[in-house]
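Numbers here are sequence positions counted from 1.
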Amino acid sequence: QVQLVESGGGLVQAGGSLRLSCQASGSIFSINSMGWYRQAAGRQRELVARIFSGGSTDYADSVKDRFTISRDNAKNTVYLQMDNLKPEDTAVYFCNIVVVRSRLIDYWGQGTQVTVSS
């Protein structure tokens, strides 16, 4: 019953910027974290960034100092500001939300393509 809708992906040149958005809706009562993962062709899905309910954040080493994650609690929306993009950032980016129930439950968006050209 929880649905995530991503937007903001696209094609950008190296050094450019994109801003991803993900809005969650449905049976959301308590959120443990919201974040972004990515999966490049032929590679495993990896964490890009996440923000926890208390405000702490995690970033992959490869995106530190370039990406910034933020959220709007009132809208159940998480954002990923991506600056100084590199071709290595090319991947499908998936929004993730961890909801608190009797246990932690993960929900995933359908993914949005980010392509960075050199």
Evaluation steps, side chain to side chain contact (heavy atoms under 4.5 Å, CB included), between Cys95 and Val78: CA-CA 8 Å; Cys95 180; Val78 63; 3.9 Å; yes

Audit row: Tyr107, Ile105, side chain to side chain contact (heavy atoms under 4.5 Å, CB included) steps and yes/no: CA-CA 7 Å; Tyr107 294 92; Ile105 302 175; 3.6 Å; yes

Derivation and outcome, side chain to side chain contact (heavy atoms under 4.5 Å, CB included), residues Asp106 and Asn96: CA-CA 7 Å; Asp106 285 86; Asn96 169 262; 3.1 Å; yes

Side chain to side chain donor-acceptor pair (under 3.5 Å) between Gln113 and Thr115, worked out: CA-CA 6 Å; Gln113 177 71 45; Thr115 302; 3.3 Å; yes

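Contact between Gly9 and Leu20 at its shortest, heavy atoms only, is N-CD2, 3.5 Å. Closest of all the heavy-atom pairs between Leu18 and Leu85 is N-CD1, 3.8 Å. Heavy-atom minimum distance, Thr77 versus Met34: C-CE, 4.3 Å. Residues Leu4 and Ala24 approach most closely at CD2-CB, 3.3 Å, considering heavy atoms. For the pair Gly109 and Phe94, the tightest heavy-atom approach, listed with the atom from each and the gap, is O-CD2, 3.5 Å. Minimum interatomic distance between Val2 and Ile97 (heavy atoms only, all atoms of both residues): CG1-CG2, 4.3 Å.
Classification of Lys86 and Asp89 as a salt-bridged pair fails, no side-chain N sitting under 4.0 Å from a carboxylate O. Taking a cutoff of 4.0 Å between a charged side-chain nitrogen and a carboxylate oxygen, Arg66 and Asp83 do not qualify as a salt bridge.
A cation-pi geometry, defined here as NZ or CZ lying under 6.0 Å from the six-membered ring centre and within 45° of its normal, does not hold between Arg71 and Tyr79.
Hydrophobic clustering (side-chain heavy atoms under 4.5 Å, transitive across Ile, Leu, Val, Met, Phe, Trp, Tyr) groups Val100 together with Val98.
Around CD of Gln39, the count of heavy atoms belonging to other residues, nucleotides or ligands within 6.0 Å exceeds 12.
In this structure, Trp36 has its ring center no closer than 6.0 Å to that of Phe67.
Here CZ of Phe52 is found 9.5 Å from CD1 of Ile69. Values are rounded to the nearest 0.5 Å.
With hydrogens and angles left out, the side-chain atoms of Arg38 and Tyr93 include a donor and acceptor closer than 3.5 Å.
Thr68 places no side-chain N or O within 3.5 Å of a backbone atom of Gln81 that could act as its donor or acceptor partner.
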